[in-house]
Participant: 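Pasting a structure below so you can have a look.
Everything quoted here is computed from the prediction, not taken from an experiment. Heavy-atom basis, side chains included; hydrogens, waters and symmetry copies ignored. Convention: sequence-line order gives letters A, B, ...; per-chain numbering from 1.
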There are 2 protein chains.
Amino acid sequence: MSDLDTKARELDSADELAPLRDRFVLDETVYLDGNSLGALPANVPDRLADVIRRQWGELRIRSWEESGWWTAPERIGDRIAPLVGAAPGQIVVGDSTSVNVFKALVAAVRMARADDGDRTGDGVRAGDDVGTGEGVRAGDDVGTDEGVRAGEGAGGTRGRDEILVDATTFPTDGYIARSAARMTGCTLRPVAPAEVPGALSARTAAVLLNHVDYRTGRLHDLPSLTAAVHAAGAYAVWDLCHSAGALPVGVDEHGVDLAVGCTYKYLNGGPGSPAYLYVRRELQDRFDSPLPGWTSHAEPFGMRPDFEPAPGALRGRVGTPDILSMLALEAALEVWDGVPVEAVRAKSLALTDFFLECVGAYVPDGRLTSLTPVSHEERGSQVALRCADAGEVMKRLIERGVVGDFRHPDVLRFGFTPLYVGFADVERAARVLAEVLG
Amino acid sequence: MSDLDTKARELDSADELAPLRDRFVLDETVYLDGNSLGALPANVPDRLADVIRRQWGELRIRSWEESGWWTAPERIGDRIAPLVGAAPGQIVVGDSTSVNVFKALVAAVRMARADDGDRTGDGVRAGDDVGTGEGVRAGDDVGTDEGVRAGEGAGGTRGRDEILVDATTFPTDGYIARSAARMTGCTLRPVAPAEVPGALSARTAAVLLNHVDYRTGRLHDLPSLTAAVHAAGAYAVWDLCHSAGALPVGVDEHGVDLAVGCTYKYLNGGPGSPAYLYVRRELQDRFDSPLPGWTSHAEPFGMRPDFEPAPGALRGRVGTPDILSMLALEAALEVWDGVPVEAVRAKSLALTDFFLECVGAYVPDGRLTSLTPVSHEERGSQVALRCADAGEVMKRLIERGVVGDFRHPDVLRFGFTPLYVGFADVERAARVLAEVLG
């Protein structure tokens with residue numbers, strides 16, 4: 001038995017979170033892809049069977065009320081809230097991450113412009129449809145009209161017409177940000193997160209950032225970047241897909257304006273489970289969604305032709321909630337009962353440290369380059385290793401029972417979910433990786 | 001035994017679709033709310049158990065490929081296609097109806113403007129982001145810029161700056177249409193469907209219509225309204241929520257441009273199951289989605305910063321597909337194997353005819369007014385009855401095992417799903433209704 005093997009056993013023995021593994025359905029595989037699709041929580045199958053057979057099959061339509069279907073988006077949002085450091089009443093679950101990025105960014109631009117309108121007192125930007133009745137084809141928000149005129153005239157104030165987006169983002173955020181920019185008459189400017197402070201200006205309306213980089217696992221400095229965005233009078237939208245459930249986020253504490261995230265990675269909600277949207281309490285009255293569906297109406301069953309947004313986070317809802325997926329997620333979130341995120345973070349860092357240690361010991365020099373920051377302050381819960389022929393290497397790892405994933409063109413990505421990954425798993429993964437490379 | 005009771009038995013005996021009831025989980029309840037939430041197909045529970053325990057629990061991430069998760073949106077779209085008269089390759093499943101209305105309407109406006117650009121040869125409207133780099137804050141599409149200038153100048157052509165929406169629509173379509181109008185610089189004009197032909201003009205970019213009215217059950221004339229919209233150079237977007245699965249739609253045959261629908265009513269996909277989007281084949285290359293997510297990219301795993309839309313209907317996809325709900329829907333659609341929509345339509349009309357006959361016979365004159373058209377050409381698969389104290393009446397019906405629903409302020413709504421509702425159910429529902437009213 002190697003030293004590292006012994007160390008792994010010791011670390012596992014001392015791991016207070018180790019028993020949580022029993023809350024999941026797992027086998028002999030070393031599953032290091034929970035940052036792509038979390039493992040199945042053991043309570044989900046029976047819960048879903050009940051939802052399908054009894055709630056849908058027997059109660060049918062009555063379940064919207066009697067089984068709490070109607071309120072699921074906000075109820076499950078409140079279950080996610082403590083995991084990202086949010087007080088209740090600020091998160092709704094529903095739609096995909098992409099759709100929520102669109103809601104959040106457009107709403108952020110509208111708030112930024114409304115602020116400027118408030119400051120200058122011109123009020124011209126506030127209304128919907130203003131100008132359109134007068135033969136002016138305005139774009140989104142009346143600011144467009146003003147912006148065009150200003151652009152045509154000399155010396156006019158440009159207002160807030162720029163969205164900054166993390167240049168290293170998972171692509172969907174960039175695609176959606178481009179659409180949000182196009183539809184609000186903004187330009188989109190990709191900027192590396194570290195360079196955001198220098199790129200902010202009086203033109204910046206909103207900034208879309210990833211908390212943890214999907215490829216490298218780098219953790220960005222959410223508190224200081226949010227503060228910088230605010231100092232420029234802009235709004236910060238954070239994508240928490242790769243941080244929620246792996247480390248403390250502190251959205252309330254750090255003044256995050258809007259945030260989105262998926263629930264199928266570290267939250268284990270199941271394939272394509274619904275995403276969530278956080279709208280800071282102070283901003284909820286001003287959250288003006290580009291997707292105002294009937295379930296975000298103040299009186300959804302009034303069937304009224306005019307839209308009046310529901311109070312609070314509920315205005316982040318859109319259409320009929322997707323109940324099967326949503327209630328699978330609700331069950332999945334119960335694995336967090338009594339689990340402090342801080343303990344998860346401590347174990348996560350210990351796991352990634354130990355993986356890097358084992359890889360260093362087992363893999364010959366020069367075969368791998370770690371893209372993952374050494375500093376804990378800059379590390380999420382994954383390790384990304386650059387490697388020649390990475391696609392083939394990952395295939396062989398998977399054949400030998402170590403599951404990570406491959407990110408084009410040359411990255412091996414290993415995610416460490418502290419709820420169910422142990423130190424012996426980590427040692428084995430590094431050992432098999434060395435064998436595959438050797 | 002009354003004459004109508006005898007007639008019901010005869011009709012049931014002659015009903016070739018009667019055996020389909022065994023494909024559902026049902027009890028003694030007369031369930032006339034399948035136009036809100038379809039009953040549970042009997043094969044769904046075991047299918048979902050397999051999806052959860054084996055595909056997610058054992059195969060985990062491998063299921064995206066091995067279990068066909070990745071291609072589910074288009075595969076299930078192709079299952080819906082014959083039910084609405086579409087050839088394969090034109091429907092994708094995903095998101096909510098509301099979100100799909102947004103995609104379809106914005107894309108329709110863009111196509112209408114591109115047509116005008118093509119006709120005048122100015123090309124100015126075609127590009128994304130044009131002008132924004134030059135300090136012009138354009139709204140959606142560059143047409144905005146031109147539109148504003150035209151509005152400011154004298155005698156300029158206004159272009160297509162109007163969206164017509166069914167004034168009697170289920171509210172969410174109206175709310176979303178208002179947002180689409182706002183974000184594309186259009187005005188939104190609510191018009192009763194019958195008045196659409198007279199309201200069309202060279203300003204009309206897109207028209208959003210319901211095939212069947214959610215409240216009255218009135219069936220609108222899709223072929224002639226679509227033709228009228230086309231004659232005006234505009235695009236027709238149809239909401240099929242209350243028709244798909246109840247009657248033939250013929251989207252291909254009648255030249256529908258874009259269509260959306262939910263799957264939890266007559267398609268029995270389960271509570272809040274994913275909606276679908278139809279994009280006519282000839283328009284797919286021009287379908288320019290306002291929600292371009294990573295799964296609608298031509299090379300989704302290339303992780304490229306620039307968006308290049310996938311070919312075909314796939315560009316209607318957005319984020320990661322919601323697998324649990326989607327595969328429940330896939331199982332649910334198997335109940336349609338070997339079932340011609342024409343036979344379903346014939347039975348649907350027989351059911352609603354018989355219900356009206358029984359209500360006429362059992363309920364004293366003056367207690368109810370039918371909002372449902374007498375003519376078959378104008379009738380969907382539901383009967384709406386106006387009634388004093390309708391909310392209370394529906395409560396008592398439900399207590400007595402007849403489930404319909406109540407629509408504010410005074411409508412009793414009864415949906416007839418030919419796959420599992422029989423003529424004896426209909427007779428009993430009318431009899432209990434008469435008792436409650438008596």
Participant: Measure A:Arg215 against the heavy atoms of chain B and call it side chain, backbone, both or neither at under 4.5 Å.
Facilitator: neither
Participant: Calculate, to the nearest 0.5 Å, the distance between atoms NZ and CG belonging to A:Lys103 and B:Leu291 respectively.
Facilitator: 10.5 Å
Participant: For the candidates A:Val101, A:Ile176, A:Val25, A:Asp173, which exhibits the highest count of non-hydrogen atom pairs separated by less than 4.5 Å from chain B?
Facilitator: A:Ile176
Participant: Can you see which heavy atom on B:Met183 is nearest to which on A:Phe102, and at what distance?
Facilitator: CE-CZ, 4.2 Å
Participant: Start with the C-alpha distance between A:His297 and B:Tyr175, add both sets of side-chain angles, then the distance that settles side chain to side chain contact (heavy atoms under 4.5 Å, CB included), and finish with yes or no.
Facilitator: CA-CA 9 Å; A:His297 196 284; B:Tyr175 307 154; 3.0 Å; yes
Participant: State which residue, out of A:Ser96, A:Ser325, A:Ser273, fulfils the side-chain hydrogen bond (donor to acceptor under 3.5 Å, both in side chains) condition with B:Asp322.
Facilitator: A:Ser325
Participant: Would you please test A:Val99 and B:Val318 for side chain to side chain contact (heavy atoms under 4.5 Å, CB included) and show each step?
Facilitator: CA-CA 8 Å; A:Val99 169; B:Val318 186; 4.1 Å; yes
Participant: Pick one of side chain, backbone, both or neither for A:Pro321, based on which atoms fall under 4.5 Å of a heavy atom in chain B.
Facilitator: backbone
Participant: Out of B:Ser98, B:Ser296, B:Ser63, return the one with the most heavy atom pairs under 4.5 angstrom to chain A.
Facilitator: B:Ser98
Participant: Decide yes or no on side chain to side chain contact (heavy atoms under 4.5 Å, CB included) for A:Val44 and B:Trp56, but give the supporting numbers first.
Facilitator: CA-CA 11 Å; A:Val44 167; B:Trp56 175 13; 3.9 Å; yes
Participant: Can you tell me how far CE of A:Met303 sits from OG1 of B:Thr168, rounded to the nearest 0.5 angstrom?
Facilitator: 13.5 Å
Participant: Name the member of B:Ile398, B:Thr320, B:Thr169 that forms the most heavy-atom pairs with chain A at distances under 4.5 Å.
Facilitator: B:Thr320
Participant: So, A:Asp27 and B:Arg60, do they make that salt bridge, N to O below 4.0 Å?
Facilitator: yes
Participant: Under a 4.5 Å heavy-atom cut-off, does chain B meet the side chain of A:Ala49, its backbone, both or neither?
Facilitator: neither
Participant: Between A:Val403 and chain B, with a heavy-atom cut-off of 4.5 Å, which part of the residue counts as in contact: side chain, backbone, both or neither?
Facilitator: side chain
Participant: For chain A, which of B:Arg62, B:Arg304, B:Glu58 has the most heavy-atom pairs under 4.5 Å?
Facilitator: B:Arg304
Participant: For A:Ile52, is it the side chain, the backbone, both or neither that has a heavy atom under 4.5 Å from a heavy atom of chain B?
Facilitator: both
Participant: Does any backbone or side-chain atom of B:Tyr214 lie under 4.5 Å from a heavy atom of chain A? Answer side chain, backbone, both or neither.
Facilitator: side chain
Participant: With only heavy atoms counted, which part of A:Asn268 is less than 4.5 Å from chain B, the side chain, the backbone, both or neither?
Facilitator: backbone
Participant: For A:Pro305, is it the side chain, the backbone, both, or neither that has a heavy atom closer than 4.5 Å to a heavy atom of chain B?
Facilitator: backbone
Participant: Are there more than 12 heavy atoms of other residues, nucleotides or ligands under 6.0 Å from atom CD of A:Glu66?
Facilitator: yes
Participant: Given the options A:Gly293, A:Ser179, A:Pro292, A:Gly319, which has more heavy-atom pairs under 4.5 Å with chain B than any of the others?
Facilitator: A:Pro292
Participant: Verify the neighbour count for atom CD of B:Glu299: are there more than 12 heavy atoms of other residues, nucleotides or ligands below 6.0 Å?
Facilitator: yes
Participant: So for A:Asp306, is it side chain, backbone, both, or neither that comes closer than 4.5 Å to the heavy atoms of chain B?
Facilitator: backbone
Participant: What distance separates B:Leu324 CG from A:Ile323 CD1, expressed to the nearest 0.5 Å?
Facilitator: 13.0 Å
Participant: Considering all heavy atoms of both residues, which atom of A:Arg182 and which atom of B:Asp288 are nearest to each other, and what is their separation?
Facilitator: NH2-OD2, 2.7 Å
Participant: Is there side-chain contact between B:Asp405 and A:Ile61, with at least one heavy-atom pair below 4.5 Å?
Facilitator: no
Participant: Relative to each other, are the rings of A:Trp294 and B:Phe170 parallel, tilted or perpendicular (30° and 60° limits)?
Facilitator: perpendicular
Participant: Please identify, among A:Trp69, A:Tyr31, A:Phe24, the residue contributing the most non-hydrogen atom pairs under 4.5 Å to chain B.
Facilitator: A:Tyr31
Participant: Measure distances from B:Thr97 to the heavy atoms of chain A and classify the residue's part below 4.5 Å as side chain, backbone, both or neither.
Facilitator: neither
